[in-house]
Amino acid sequence: MNRRTLLKTSLGTTLAIIVGTKAGAQNMDATAQASFDTVMAFMGAMGSGDMEKMSALMADDMVWHSEGDTTLPWIGETVGKEAIFKFLAVFSENLQTTKWENTDAFASVDTVAVFGRMNGVTTHSGKEIGEFTFALRAKVRGGQVVLWNWFEDSFAISQAYHG
């Protein structure tokens, strides 16, 4: 199965919701609005499996950093487009997202923050994680995402993953 199919299968059903969920701050200036729109477009492309659009919205030196339990194969720091696409394949092989709901999102200049609730099933154990909250801090430069700093309840995810 190619990485487009893997990513689309695991993320597509839930992340596609993001496109219609633009829970943004009021009164953003043009720079903040552009940053916000870039991050939401990146999420939408990820959710629909549109690798070409994702790639166009990623800086060549983009950093994807996921905090948490390093025994999970997708936790840590990944740098650069190709490495991030490989990382996303590993993520998609190990976690099937069953719920994604953005509850709050806002931007200030080049920084976008998104908060929400998720749930999923780890394919490693087949166990459901249980609903948990997430936070994202993203940075945008020149219309491209340069930082994707992800925070989730890795304790609950680790417990489900390790069975």
Side-chain angles (χ1 to χ4, degrees), residues 1-24 36 38-59 61-106 112-139 145-163:
M1 186 178 287
N2 67 33
R3 70 180 180 200
R4 173 185 295 239
T5 304
L6 281 171
L7 186 60
K8 192 171 183 179
T9 300
S10 83
L11 298 175
T13 54
T14 54
L15 291 182
I17 296 167
I18 294 166
V19 176
T21 310
K22 289 196 169 190
F36 184 84
T38 297
V39 169
M40 290 299 128
F42 183 80
M43 283 184 166
M46 187 171 27
S48 67
D50 187 342
M51 298 298 146
E52 289 79 24
K53 186 171 184 180
M54 278 182 67
S55 183
L57 291 168
M58 296 167 72
D61 61 344
M62 180 180 168
V63 174
W64 188 302
H65 186 87
S66 297
E67 296 289 341
D69 180 358
T70 57
T71 66
L72 300 173
W74 61 86
I75 298 298
E77 187 165 286
T78 307
V79 180
K81 282 184 188 184
E82 196 56 38
I84 290 170
F85 281 122
K86 288 178 184 174
F87 152 80
L88 289 171
V90 170
F91 175 81
S92 297
E93 291 169 358
N94 286 281
L95 184 74
Q96 180 183 12
T97 304
T98 59
K99 177 181 183 172
W100 181 297
E101 176 186 334
N102 289 346
T103 56
D104 296 290
F106 58 88
V112 178
V114 180
F115 305 91
R117 301 195 62 74
M118 289 181 69
N119 198 347
V121 175
T122 66
T123 58
H124 182 75
S125 70
K127 292 190 176 185
E128 181 178 4
I129 297 161
E131 196 169 296
F132 61 93
T133 58
F134 71 85
L136 165 69
R137 178 178 63 110
K139 291 237 180 227
V145 178
V146 295
L147 174 66
W148 196 265
N149 194 185
W150 186 259
F151 304 90
E152 62 191 7
D153 184 351
S154 70
F155 180 74
I157 295 169
S158 179
Q159 294 228 309
Y161 180 84
H162 294 296

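Since we're looking at a predicted model, the values are computed, not measured.
- Closest of all the heavy-atom pairs between Ala138 and Val39 is CB-CG2, 3.7 Å.
- Nearest heavy-atom pair, Val114 versus Val112, reported as atom, atom and distance to 0.1 Å: CG2-CG1, 4.1 Å.
- Residues that satisfy the side chain to side chain contact (heavy atoms under 4.5 Å, CB included) test with Ala56, not counting sequence neighbours, are absent from this structure.
- The minimum heavy-atom distance linking Ile129 with Asn119 is given by the pair N-OD1, 3.8 Å.
- The side-chain hydrogen bond (donor to acceptor under 3.5 Å, both in side chains) test applied to Thr133 returns no partner, not counting sequence neighbours.
- Side-chain N or O atoms of Thr122 include none that pairs as donor or acceptor with a backbone N or O of Leu95 at under 3.5 Å.
- Counting only residues at least two apart or in different chains, salt bridge (Lys or Arg N to Asp or Glu O under 4.0 Å) contacts with residues 115-137 comprise Lys99-Glu131, Arg117-Glu131.
- Here Trp148 pairs with nothing under the side-chain hydrogen bond (donor to acceptor under 3.5 Å, both in side chains) rule; sequence neighbours left out.
- Distance alone, capped at 3.5 Å, is enough to place a donor-acceptor pair between the Ser92 side chain and the Leu88 backbone.
- The aromatic rings of Trp74 and Phe91 sit perpendicular, their planes meeting at an angle over 60°, well past the 30° parallel limit.
- For residues 154-163, there are no salt bridge (Lys or Arg N to Asp or Glu O under 4.0 Å) pairs, not counting sequence neighbours.
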Would you give me the side-chain donor-acceptor pairs under 3.5 Å for residues 154-163, sequence neighbours excluded?
| residue | atom | partner | partner atom | Å |
| --- | --- | --- | --- | --- |
| Ser154 | OG | Asp69 | N | 3.0 |
| Ser158 | OG | Asp69 | OD2 | 2.4 |
| His162 | NE2 | Thr71 | OG1 | 2.9 |

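- Thr103 contributes a side-chain N or O that, together with a main-chain N or O of Phe115, makes up a donor-acceptor pair within less than 3.5 Å.
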